[in-house]
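Before any comments, here is the structure.
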Amino acid sequence: MTSILSIAFLLALEQFSEVNLHSAVECPGGEVNSALIFANGIFNDKGDAKNARDELQLKTKNRFALYDIAYNFNETPLLQILQVFDQKRRSNERFRWSYFSQMDGPPEVKASIQEKVKEMTKEFYVRDADLRNHVALYKKYLNAKKSIVIVAHSQGNFYANGALEYLQEEQNENTPDNELLNARDLKLKIVGVASPDSYVAGNGTYRTLMSDGVVSKIANALPPNISNQKSGHFDHLFIEHYLNGDKSGPEILKLIFEASERVSSGAGFFRIGYLQKSLIPMNEWVGEWIQGDVENQKRTSLTRSQCLSIQLFFYLGDWFGLKCEERSLATLRRESMKCFEKEWSDPKQDLFNCNLVGLDGLIVGMNSPTEALKYLDDNPECQWNSKSLHRELTRDVLEQALSFIENPIGRSVSP
Amino acid sequence: MNPPLSSSRSRKFFLLMGILIIGAALVFYIESRSTYPPTPQSLDAIDKDGNGVWDDMDEYIRSKDVNDREKKAIIFYVQSFQKVLLNPEIGFDVRNETVRADVFDQGFECYYRVFGHENSKIKDHEIKDELLKSSNRVKAWIRYNQNSSGAILHGWDDKIQGNPCPF
């Protein structure tokens, strides 16, 4: 009887949550424009790395725009260990010089120390073909104005640190590549997991288990800073021991979302500007629309412009005092993705012509109408002077969607 | 003055251990480098019934309590795995960005589309363990992974790549 009541309670709770979940977890953040990259550890074959990436995708609820792996698998197993020690030795040395370069001293000494750090960073890059490949990917994403969060496990930390430091060095130098990066601060953060390195580049964060039997054997590794209730064999595996750990799992996810916010500074939301509307009527409409599903077992379908309006509504930020967390979002996120997939399924990246003040004809690549609108919202100086903003988005459809957000109450939903 | 006996012994012990580890690493390295490209003979790739699955794996698949769709997913995954074992150079394709995903990636993706990641009935590594039963197969697998090292492994995109399962 108790178990039946418990099940009934859980079912009721699930129904209730479906309708009224107003949780920060459901709110979109910077990750909608970010790539989550997994840098794998030692002895991980492709299958292991893919499992880790897929697990991250599940746990972060598929909220990042991209999930990739910066893969490394060097040499034979025993030589991998030697490689780790070599990377560790070089990384320590570079970190030492980098630390000295922050200290006060005669300018000429400081300059020569900084030069030494630069040389060492470049040496890493030149010597390691895998690192060069990873850096090329990060550059590609940064150039496309995507921010990056690297989740680095074990040996992957050497690669992540090396890549970030190389990009920083390059950005500091006045090279053509630097111009391409097009950002004052690198939009890249590292979340280290079981790091054998003695630091996390770019002021990143990390978690290492107290019971990690591998990292604890490595001299000068970052000190352990978390423990789970249950410990396993060596406690070093990414999924089993870290991501599925009762304490370490939620902590790592928290660090990932924090890192995402830091690199994007709220870029996932539409800001004030292009879509200024009161959200209260739309919020009420969404609540009723979702409720309708519970009673009738079927949700009424949406027109193309209504689909766009709920997608836009989902991505709106803190406007007129109604924060994301206060809106009905749990079902909305899923539903908006569903209808968006159906209605806006053009896989090709489109280009649209944006005339910035003083800069005529800047061509920008867009993957979706939402991305196009987001661009307009971020760049209010950008004039929309053509009929179509995106292959599938016309002015008419957009105006209908905006008008729906403004006044959805009392409007019938098309069958 | 002579050092204490225990300290001298432990130093010798660590020296010996160091030599042994380095020696083993060298032997492993030289051995793995001198391996000829894998052949169907060296991998025991026997497929008497010609169904595209090696005979030892046929037996394994038969022993699993799975439905028809799941069986197809296992077979497709095994076949994709066999292909990279027979030709580890496939690893360069993704590494050099000539393709977005190779045959192994497709087999893996299809497998989890059918089985799902959460509470999956059979995990991919169980099949991997079953396939990599001989040292030659392990070497071929390592070589494929070495060739893939440095690659960017993108998530599967249905819009670009279509359904990963051909059935």
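A, B, ... follow the sequence lines: proteins, then strands. Residue 1 opens every chain. Just so you know, these numbers use all the heavy atoms, side chains as well, and skip hydrogens, waters and symmetry mates.
Between atom NE2 of residue B:His154 and atom CZ of residue A:Arg53 there is a gap of 10.0 Å, rounded to the nearest 0.5 Å. Considering CG of A:Leu58 and NE2 of B:His117, their distance stands at 6.5 Å, rounded to 0.5 Å. For the atom pair CD1 of B:Ile152 and NE2 of A:His134, the computed distance is 5.0 Å after rounding to the nearest 0.5 Å.
Both the backbone and the side chain of A:Asn51 come within contact range of chain B, with heavy atoms under 4.5 Å apart. With a 4.5 Å cut-off on non-hydrogen atoms, B:Lys123 does not touch chain A at all.
At most 12 non-hydrogen atoms from other residues, nucleotides or ligands lie less than 6.0 angstrom from CZ of A:Phe234. Crowding of B:Lys71 atom NZ: a count of heavy atoms from other residues, nucleotides or ligands under 6.0 Å not exceeding 12. Other residues, nucleotides and ligands contribute more than 12 heavy atoms inside 6.0 Å of the NZ atom of B:Lys121.
By the ring-ring contact (aromatic ring centres under 6.0 Å, His included) test, B:His125 pairs with no residue at all, sequence neighbours left out. For B:Lys133, the side-chain hydrogen bond (donor to acceptor under 3.5 Å, both in side chains) partners two or more places apart in sequence, or in a different chain, are B:Glu130.
Residues of residues 95-114 of chain B lying under 4.5 angstrom from chain A, judged on non-hydrogen atoms, are B:Arg95, B:Asp102, B:Phe104, B:Asp105, B:Phe108, B:Tyr112 in numerical order.
Within the 3.5 Å criterion, the main-chain N or O of A:Phe73 finds a donor-acceptor partner in the side chain of B:Ser149. A donor-acceptor contact shorter than 3.5 Å links the side chain of B:Asn145 to the backbone of A:Lys46.
Contact of the A:Asp45 side chain with the B:Trp141 side chain is registered, since non-hydrogen atoms from C-beta on lie closer than 4.5 Å.
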Could you give the side-chain donor-acceptor pairs of residues 79-87 of chain B under 3.5 Å, partners two or more places apart or in another chain?
from    : atom 1 : to      : atom 2 : distance (Å)
B:Gln79 : NE2    : B:Asn51 : O      : 3.4
B:Ser80 : OG     : B:Tyr77 : O      : 2.8
B:Gln82 : OE1    : B:Trp54 : N      : 2.9
B:Gln82 : NE2    : B:Gly52 : O      : 2.9
B:Asn87 : OD1    : B:Glu89 : N      : 3.3

